[in-house]
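Okay, so here's the structure we're looking at.
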Amino acid sequence: MQLDTSTIPSYYSRLVMAKNQGHFSIARALLNIIVNAPAPDTSTPAGLKALEKINQAKGHADAVNAGNDTTAVPPAGEVEEWSGYAVQNPPITKQLALALAQYFRQAKALEACYEMYQKANEFEIGDTTASESAALQEAANGTLANEFGQICENAGEYAHAAEWYKKAKAAGCACANESLERMNALYGMARYYAPWLKIATATGRRELALAIQNIVKADPKLSTAMVEEINIAESAVPPCYEEIEYWEQEFDRFAKFSDSDSETFANLNVAIGKILERARIYNMALRWYKKAVANHPTANQDAHRMLPLKSKSEPLRDAEDIYDAHSPIPSLWKS
């Protein structure tokens, strides 16, 4: 353990804070750092200050060593403060890393907890209890990350759960792969499919709504999630710039999130192409059909059909040129 004696006063103030908050495991780890520090040079003001704090720390030893950690969930402000401290002052002993890890675990500060366990595993020296050794093993083999993924999944935080399951899978946790696939499906539902279906239905884009629903039906993890019948008629209202831009940006985001090289996903591009084709915006319809050529049986034929019509294309107009000022439709593409 390398310790600059000039830091002893700050360790002492943290010791007192941890003790007063009832976090005696942290206090004990800080106490051990202080009392095992090299003897300070008392010929300097800094050394004298360090010696003073070492002696004061020893005065807390009996109470700190006898204390039991509080079982209460720490308040958010306190957790944030300790989290900031751990980032700015990474633990220099395994004992402190483990104490902080347990504290953050109790507070459900998952990222900070995981980081402290990772840090603790970096130390070769340091005694551990049986429970601490088990926790370190869980952090190393992905079990801990998988547990944190389950916590996020149960809270409906599917994107965060997916990140934890990715860590668990990378660490070798056998059950994480299936969990990750499930989270990708559930996050896809919450973030993409459900909002898309709402917007496609509200704007009267029947074929697009059906294409979205078919993605859900094709996924065995979601096949029962969206069974309502699509009973709207295809709208004759031409698309506007804002609508097409919305779908293009959404599909690009989705492509980064999921596997877009499938016929099911290509159906979305073809549906947009048909919306544009019906509005006689042939040049843009051509571009959307081309997106789907590799994975759709008729997209190539559709694209070729647009070629002689390109010169007859209608312009793509702004929403304000199509919808009146009181229409709720344009706001859907801004949500």
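Sequence positions, counted from 1, serve as the residue numbers for this chain.
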Pair listing, ring-ring contact (aromatic ring centres under 6.0 Å, His included) test, anchored in residues 35-80, at least two apart: Tyr12-His60

Residue pairs passing the ring-ring contact (aromatic ring centres under 6.0 Å, His included) test where at least one lies in residues 33-56, sequence neighbours excluded: none

Going by the rule side-chain contact (heavy atoms from CB on, under 4.5 Å), which residues pair with [X] if we only count those two or more places apart in sequence or in a different chain?
X: His160; result: Cys152, Glu157
X: Asn121; result: Leu136, Ala139, Ala140
X: Thr44; result: Asp41, Ala46
X: Asn300; result: Val293, His304

Who are the side-chain hydrogen bond (donor to acceptor under 3.5 Å, both in side chains) partners of Asn141, not counting sequence neighbours? Thr143

Under the side-chain hydrogen bond (donor to acceptor under 3.5 Å, both in side chains) rule, collect the residues that match up with Glu277, sequence neighbours excluded. Tyr289, Arg305

Can you list the residues that meet the ring pair (Phe, Tyr, Trp, His ring centres under 6.0 Å) rule with Tyr241, with sequence neighbours excluded? none

Only counting residues at least two apart or in another chain, list the ones meeting ring pair (Phe, Tyr, Trp, His ring centres under 6.0 Å) with Phe148. Trp164

Less than 6.0 angstrom from the centroid, inside 45 degrees of the normal: does Arg14 satisfy that with respect to the ring of Tyr85? yes

Compile the donor-acceptor pairs under 3.5 Å between side chains in residues 65-80 and protein atoms, sequence neighbours left out, one pair per line.
unit_1: Asn65; atom_1: ND2; unit_2: Ala61; atom_2: O; d: 3.1
unit_1: Asp69; atom_1: OD1; unit_2: Phe24; atom_2: N; d: 2.6
unit_1: Asp69; atom_1: OD1; unit_2: Ser25; atom_2: N; d: 2.8
unit_1: Asp69; atom_1: OD2; unit_2: Ser25; atom_2: OG; d: 2.5
unit_1: Thr70; atom_1: OG1; unit_2: Ala72; atom_2: N; d: 3.2
unit_1: Glu78; atom_1: OE2; unit_2: His23; atom_2: NE2; d: 2.6
unit_1: Glu78; atom_1: OE2; unit_2: Tyr103; atom_2: OH; d: 2.8

Less than 3.5 Å apart, which donor and acceptor atoms pair up between the side chains of residues 195-205 and the rest of the protein, not counting sequence neighbours?
unit_1: Trp196; atom_1: NE1; unit_2: Glu250; atom_2: OE1; d: 2.8
unit_1: Thr201; atom_1: OG1; unit_2: Leu197; atom_2: O; d: 2.7
unit_1: Thr203; atom_1: OG1; unit_2: Ile199; atom_2: O; d: 2.7
unit_1: Thr203; atom_1: OG1; unit_2: Ala200; atom_2: O; d: 3.3
unit_1: Arg205; atom_1: NE; unit_2: Glu243; atom_2: OE2; d: 2.8
unit_1: Arg205; atom_1: NH1; unit_2: Val237; atom_2: O; d: 2.9
unit_1: Arg205; atom_1: NH2; unit_2: Val237; atom_2: O; d: 3.0
unit_1: Arg205; atom_1: NH2; unit_2: Glu243; atom_2: OE1; d: 3.0

Lys167 and Glu115 ion-paired at < 4.0 Å: no

